[in-house]
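One structure below.
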2 protein chains.
Amino acid sequence: MIKRNTIQKQLILNAVRNLRNHPTADDVYNYIVQNHPNISKGTVYRNLNSLAEDGILIKISVPDAADRFDDTLKKHYHIKCMECKEFMDVNLDYMQELDDKVSEMTKYKIFSHDVVFKGICQSCADKSKS
Amino acid sequence: MIKRNTIQKQLILNAVRNLRNHPTADDVYNYIVQNHPNISKGTVYRNLNSLAEDGILIKISVPDAADRFDDTLKKHYHIKCMECKEFMDVNLDYMQELDDKVSEMTKYKIFSHDVVFKGICQSCADKSKS
DNA sequence: TTTTGTGCAAAAACTTTGCAACGTA
DNA sequence: TACGTTGCAAAGTTTTTGCACAAAA
């Protein structure tokens, strides 16, 4: 099954790269539909999943929210404020050694691991004090 | 708002503890409904989320699947086979120092972090070879 | 040509919610 | 009694899918 390089696929990959902010499928759709009103949401989902399968994007499972997609130039971690739902990168180096260790322990072939920190951002913490 | 200790709440907490296997809300419902046919799925969802809020259970976001719930006796990590969907514990110690480090970096009050390893289990790897 | 990908709409999967009745403290 | 909780069903959200047509290779 040879994957084809369609216009939609390029639009979707570019959208994720341009938006940067780990967009959801819906974010990607809304971005593209402005200039390409005929694109369908089904196509967005299909391509995002396909790109994630090929390792060109990563799919991030977010607590209590839709999946997000991110460029894989560099593996990194995320943090979510459980109050205001802010979701952003964490500037920690990817711990490749964990994958190696877990691979040895479990005999799995590990692709990668996701880390999501959960907490309350400073601004929400301040609000709840007052 | 004082939380009450209802029969349903106890059934739900026991179900998660007995099932062990990080059940989904649906798993919990199916387990309980056998002996308590009147319990409703809405109640299961409400209680699981409430227990997770109170830190009595954790809610785990799983790639391409429904959320799972787990007992919090000991924080730990998980691994998922992207082929057969097996989902299980990983015997790695919880890295508390990451929470501390990220808290300092981001000024977030960190509750915890989730780690999910993604890969292919040995049995699936063998199958795809043949 | 061949066969993968698209758009559309319907449906599946998962989860939340409004409401009247109920049960706990 | 007061008010948090339940069961039920309806609705919300997110994601997948069947199909006929379009378009890459």
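Reckoned from all heavy atoms, side chains included, excluding hydrogens, waters and symmetry mates.
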Strictly below 4.0 Å: does Thr6(A) bring a side-chain N or O up to OP1 or OP2 of dT6(C)?
yes

Checking [X] now: which residues fulfil side-chain hydrogen bond (donor to acceptor under 3.5 Å, both in side chains) with it, not counting sequence neighbours?
X	answer
Asp114(A)	Lys118(B)
Asn14(B)	none
Thr43(B)	Ser40(B)

Contact nearer the 5' end of DNA chain C, comparing Lys3(A) with Lys3(B):
Lys3(A)

Which part of the nucleic acid, if any, lies within reach of Asp67(B) when heavy atoms closer than 4.0 Å are counted: base, sugar-phosphate only, or nothing?
sugar-phosphate

Which residue pairs pass the salt bridge (Lys or Arg N to Asp or Glu O under 4.0 Å) test when at least one of the two sits in residues 25-44 of chain A, sequence neighbours left out?
Asp26(A)-Lys41(A)

Is it the case that atom CG in Asp93(A) sees more than 12 heavy atoms from other parts of the structure closer than 6.0 Å?
no

What pairs with [X] under side chain to side chain contact (heavy atoms under 4.5 Å, CB included), at least two apart in sequence or on another chain?
X	result
Ala65(A)	Val62(A), Lys80(A)
Glu53(B)	Lys3(B)
Glu86(B)	Tyr108(A), Cys81(B), Cys84(B), Met88(B), Cys121(B)

Start and end of the DNA chain D segment that chain A contacts, any atom under 4.0 Å from a heavy atom
dT14(D) to dA25(D)

Other ILVMFWY residues reachable from Tyr29(A) by side-chain steps of under 4.5 Å
Ile7(A), Leu11(A), Ile12(A), Leu13(A), Val16(A), Leu19(A), Val28(A), Tyr31(A), Ile32(A), Val33(A), Ile39(A), Val44(A), Leu48(A), Leu51(A), Ile56(A), Leu57(A), Phe69(A)

Would you kindly give the [atom1]-to-[atom2] distance between [X] and [N], to the nearest whole Å?
X	N	atom1	atom2	answer
Arg4(A)	dT6(C)	CZ	P	10 Å
Asp64(B)	dA13(C)	CG	C1'	13 Å
Asp26(B)	dT16(C)	CG	C1'	15 Å

Using a cut-off of strictly less than 4.0 Å between a heavy atom of the residue and any atom of DNA chain C, enumerate the qualifying residues of residues 12-21 of chain A by number.
none

Check DNA chain C against residues 28-50 of chain B and give the residues with a non-hydrogen atom under 4.0 Å, in numerical order.
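Of all residues in residues 28-50 of chain B, the ones placing a heavy atom under 4.0 Å from DNA chain C are Gly42(B), Tyr45(B), Arg46(B), Asn49(B).
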
Tell me every residue that passes ring pair (Phe, Tyr, Trp, His ring centres under 6.0 Å) with Phe117(A), counting only those two or more places apart in sequence or in another chain.
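Per chain and number, Phe117(A) pairs via ring pair (Phe, Tyr, Trp, His ring centres under 6.0 Å) with His113(B).
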
Same cluster (ILVMFWY, side-chain, under 4.5 Å), Val115(B) and Ile58(B)
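They do not share one cluster, since no chain of ILVMFWY contacts under 4.5 Å joins Val115(B) to Ile58(B).
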
